[in-house]
Amino acid sequence: MKCRMMKESFNIEKAIRLVSSPKTGGIVIFLGKVRNESHGRNVRMLIYEAYEEMAVAEMERIRKEALEKFPIEDMVIWHRYGELRVGEDTILVVASGKHRKEAFEACKWAVDEVKRRVPVWKKEVTDEGTFWIEGERHIKAE
Amino acid sequence: MKCRMMKESFNIEKAIRLVSSPKTGGIVIFLGKVRNESHGRNVRMLIYEAYEEMAVAEMERIRKEALEKFPIEDMVIWHRYGELRVGEDTILVVASGKHRKEAFEACKWAVDEVKRRVPVWKKEVTDEGTFWIEGERHIKAE
Amino acid sequence: MRIRVRYFARFRSLVGTGEEELDVPEGITVGALLNILKERHPELKSEVFAQNEDADVNVSKNGRYVSFDEPLSEGDIVALFPPVSGG
Amino acid sequence: MRIRVRYFARFRSLVGTGEEELDVPEGITVGALLNILKERHPELKSEVFAQNEDADVNVSKNGRYVSFDEPLSEGDIVALFPPVSGG
């Protein structure tokens, strides 16, 4: 499955195999992680909520658009949800191409699109309370 | 070891651990592979020769320059040598950062620098004979 | 006609439910539905429901983003949610 | 003084060895050494030893790229190799 929402951690080697063929010369991977700091607050954990069916459909649309827009060979887009601790993986985008240029461009573009379009929301559990992240805004959650 | 010339295949999970800290928000990875075609020729195998001591030293210089040039956290540069078949990994560059932008830029920059500076040479074994690759030139080998 | 409305993330907390069914006039648009929902859930009134950069609502129909002038049909699933923050 | 010269890739095949030791005048530059090596190994004569985009030689001293006016010292290791093609 090349586009997935999942609770379990990523098997990156498996994602690489999914996009590799004998024609592949370069693979670019973006791996997002939960970091311990956000806007000056000490982060303990992220809770990702998703509109799962739509999220998968939107990732599939992004993958399809990437394959049309860039001369790449293949792409994997995986996103995790649920409770994720500092250091855990959150998102994985893998783009394979004959050459590296297009793989870099497609990977970067797809990560941006996922962050802009895929219905997933982050709640940051910090030392100063819990905040919903909505685009650039942070809103205190009860 | 963050800069290495090696015969064995890459352990990508290990490379990721080497650059990860609780501050890490994004990791960008470039993985090069032997592909089955080069300038219209059907490639059977690549033979990489290296000036090993200098190659490692040059990779260390590239890593140090990347850490100065980009606000990234860490970088791994590994390169394989010896006989590599179609589909096998050749080069791995991993850049970690708080944010993805700098990780993408640093990874791309470092791959370009490795290809320009690190003393490693590729001999392509194709259906039409064996060729030394020197920058953009292909020279038939005996 | 009958449609389903789903709420996600902070909107789900605000409204107090993740899903409800509603009877709405035949051929109603997404924009008109939003007005009905604001009446039904006063806690949504302070949210900026607009189609511009300042908007803090996204609307999808059957799993696809739609604009406010999108007409609805029997059985459609409409979802309301804040700007996304995946990745 | 005595120095070591190493050859890599196609240059190693051309010269027929990967390494040799040479007695050279005290304080000789890399450029002067290259002329000596061209005399010693006529098979290198058709190679363009220059410091520009068309050059097909790289020179390192003790594992670092150097220019043709770099002076050499006793025990230095000079390597000659074609444009690289890693990655």
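Here the structure is a predicted model, which means the values were calculated and not measured. Note that these values count all heavy atoms, side chains included, but never hydrogens, waters or copies made by symmetry.
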**Request:** Looking only at non-hydrogen atoms, find the nearest pair between C/A79 and A/Y51 and report the distance.
**Result:** CB-CE2, 3.4 Å
**Request:** Work out which heavy atom in C/R10 is nearest to a heavy atom in A/I139; give both atom names and the distance.
**Result:**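 Taking C/R10 first and A/I139 second, the nearest heavy atoms are NE-CD1, 3.4 Å.
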**Request:** Measure the OH-CE distance between C/Y65 and A/M54 for me, rounded to the nearest 0.5 Å.
**Result:**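 Spacing of OH (C/Y65) from CE (A/M54) equals 4.5 Å.
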Within a 6.0 Å radius of atom [atom1] on [X], are there more than 12 heavy atoms belonging to other residues, nucleotides or ligands?
X: A/K101; atom1: NZ; result: no
X: A/E128; atom1: CD; result: yes
X: A/K2; atom1: NZ; result: yes

Proximity breakdown for [X] and chain C, heavy-atom pairs closer than 4.5 Å:
X: A/V118; answer: backbone
X: A/R61; answer: side chain
X: A/A55; answer: neither

**Item:** Structural part of C/R64 lying under 4.5 Å from a heavy atom of chain A
**Value:**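 Both parts, heavy atoms under 4.5 Å.
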**Request:** Indicate yes or no: at least one non-hydrogen side-chain atom of A/W132 is less than 4.5 angstrom from one of C/S85.
**Result:**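 No, too far: nothing below the 4.5 Å cut-off.
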**Item:** Side chain to side chain, C/P82 and A/W121, heavy atoms closer than 4.5 Å
**Value:** yes
**Request:** Mind ranking C/G87, C/G18, C/S60 by heavy-atom pairs under 4.5 Å with chain A and telling me who comes out on top?
**Result:**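 Counting heavy-atom pairs under 4.5 Å, the top option is C/G87.
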**Asked** Stepwise, does the side-chain contact (heavy atoms from CB on, under 4.5 Å) test hold for A/E134 with C/F81?
**Response** CA-CA 10 Å; A/E134 301 186 355; C/F81 48 81; over 6 Å; no
**Message:** Counting heavy-atom pairs closer than 4.5 Å to chain C, which one of A/R116, A/K33, A/E49 comes out on top?
**Reply:** A/E49
